[in-house]
Amino acid sequence: METSFAEFLKRTFDLTVSLMGLIICIPLFAFVTPLIWLTIGTPVFFRQPRAGLKGKPFLIAKFRTMRELRDAKGDLLPDGDRLTAVGKFLRSTSLDELPQLWNVLKGEMSLVGPRPLLLVYVSRYSPRQAKRLDVKPGITGLAQVKGRNALSWEDKFEWDVRYCESWTFFLDIKILFLSVVQVFSRQGISADNHSTMPEFMGSSERDRISRA
């Protein structure tokens, strides 16, 4: 009964805040949308399949921050070559994440939870890392307030699992507060020598055993 009430409380909070957030952010959407259209082009929104609860795919929504620039072979150029000045600003302020409030409203995401990652990563998780799929993904999470992209993949996943194992509604409130601080500090936006994070190729066998 306590678990059901806690889940109800979390969903009610998600619905209330995401709906209010979308309404309050209308002026921001009105400013950012033409800015992206003028500097990056269309479409304004970036949509991509990501792994949700239990690994179920859903389309995440974000503001576009990169151009579709390709090499002679037709392959996309590295993120650093495609990321625009406007895109860097949107990422550093986390404004690019605002459209995910719609994902929260639809029930595909929560305000707080492990970040939704590429579907291809699911098969690369160790058994312990796969526990991050036991809850809805979030706009922010424990890994984000513990270092964001400055952390290694293994450390990020460990914080995600710890969140899943020790979740409480009050932990969500704490993470949301710390996330606001994190945004203003603009720390951990990208990993060393990368525009965001390098691709996760799977943990080493030794790491899988130690974290299983």
Side-chain angles (χ1 to χ4, degrees), residues 1-33 35-36 44-65 87 89-117 131-149 151 156 159-189 196:
M1 182 67 70
E2 292 182 1
T3 301
S4 298
F5 177 74
E7 292 174 348
F8 170 77
L9 186 63
K10 181 177 176 71
R11 180 57 184 153
T12 301
F13 184 74
D14 282 346
L15 278 171
T16 303
V17 175
S18 60
L19 181 58
M20 290 178 59
L22 285 169
I23 295 172
I24 292 172
C25 288
I26 288 176
L28 273 175
F29 276 78
F31 170 74
V32 173
T33 298
L35 187 63
I36 295 174
V44 171
F45 295 101
F46 171 80
R47 295 173 66 82
Q48 184 182 59
R50 296 289 178 93
L53 179 65
K54 303 301 181 182
K56 181 180 178 180
F58 74 99
L59 284 177
I60 193 173
K62 301 178 70 173
F63 279 123
R64 275 186 67 199
T65 58
F89 170 74
L90 292 177
R91 289 194 178 199
S92 67
T93 56
S94 295
L95 289 175
D96 63 316
E97 310 285 0
L98 284 179
Q100 288 165 49
L101 289 171
W102 178 246
N103 291 118
V104 175
L105 194 63
K106 292 170 63 180
E108 298 165 332
M109 292 178 62
S110 177
L111 293 171
V112 181
R115 285 295 297 159
L117 300 177
K131 292 181 180 180
R132 69 190 304 279
L133 301 173
D134 289 344
V135 299
K136 286 182 182 179
I139 294 178
T140 187
L142 190 56
Q144 278 60 55
V145 300
K146 291 295 184 178
R148 206 171 173 182
N149 288 334
L151 299 175
K156 290 176 74 170
W159 284 118
D160 286 341
V161 173
R162 290 186 188 184
Y163 169 81
C164 296
E165 294 175 339
S166 59
W167 174 81
T168 65
F169 179 71
F170 294 104
L171 177 60
D172 276 7
I173 300 299
K174 179 180 179 180
I175 291 173
L176 286 171
F177 173 77
L178 292 175
S179 296
V180 174
V181 176
Q182 187 85 359
V183 168
F184 281 103
S185 70
R186 299 194 182 187
Q187 296 180 349
I189 296 171
T196 50

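Everything numeric in this text was worked out from a predicted model, so none of it was measured.
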If you take all heavy atoms of [X] and [Y], which pair is closest and at what distance?
X	Y	answer
Lys131	Cys164	O-SG, 3.6 Å
Pro99	Phe45	CG-CE2, 3.7 Å
Pro137	Phe58	CG-CE2, 4.0 Å
Leu90	Thr93	O-OG1, 3.3 Å
Lys106	Arg11	C-NH2, 3.9 Å
Val135	Pro114	CG2-CD, 3.4 Å

Could you tell me whether the side chains of Thr140 and Arg148 share a donor-acceptor contact shorter than 3.5 Å?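 Arg148 and Thr140 do not have a side-chain donor-acceptor pair below 3.5 Å.
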
Mark yes or no for whether [X], through its side chain, and [Y], through its backbone, hold a donor-acceptor pair below 3.5 Å.
X	Y	result
Lys146	Lys156	no
Asp160	Arg132	no
Arg50	Pro116	yes
Ser18	Leu15	yes
Asp96	Gly87	no

Run the salt-bridge test on Glu108 and Lys136 with the 4.0 Å N-O cut-off and return the result as yes or no. no

Is the shortest side-chain heavy-atom distance between [X] and [Y] below 4.5 Å?
X	Y	value
Gln100	Ile60	yes
Thr65	Phe89	no
Val183	Gln144	no
Asp14	Val112	no
Ile139	Val104	yes

Ring centers of Phe63, Phe46 separated by less than 6.0 Å: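 Centroid distance Phe63-Phe46: not below 6.0 Å, so no.
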
Neighbour count above 12 (heavy atom, 6.0 Å) for Phe169 CZ: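 Yes, because the 6.0 Å sphere around CZ of Phe169 holds more than 12 heavy atoms from other groups.
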
Using the side-chain contact (heavy atoms from CB on, under 4.5 Å) rule, take Thr33 and Ile36 through it: C-alpha gap first, then chi angles, then the decisive distance, then the call. CA-CA 5 Å; Thr33 298; Ile36 295 174; over 6 Å; no

Without placing hydrogens or testing angles, list every side-chain donor-acceptor pair under 3.5 Å for residues 19-32, not counting sequence neighbours.
none

Lys54 and Asp134: side-chain contact (heavy atoms from CB on, under 4.5 Å), yes or no, with the steps? CA-CA 6 Å; Lys54 303 301 181 182; Asp134 289 344; 3.4 Å; yes

Would you give the length of the straight line joining atom CG of Asn103 to atom CG of Leu59, rounded to the nearest 0.5 angstrom?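 Reported to 0.5 Å precision, the distance equals 8.5 Å.
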
Point-to-point distance, once rounded to the nearest 0.5 Å, from CG of Leu176 to CG of Leu111: 6.0 Å

Please enumerate all residues that pass side-chain hydrogen bond (donor to acceptor under 3.5 Å, both in side chains) together with Lys10, with sequence neighbours excluded.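 With neighbours one apart ignored, the set is Ser110, Tyr163, Asp172.
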
Worked check of side-chain contact (heavy atoms from CB on, under 4.5 Å) between Gln182 and Leu178: CA-CA 6 Å; Gln182 187 85 359; Leu178 292 175; over 6 Å; no

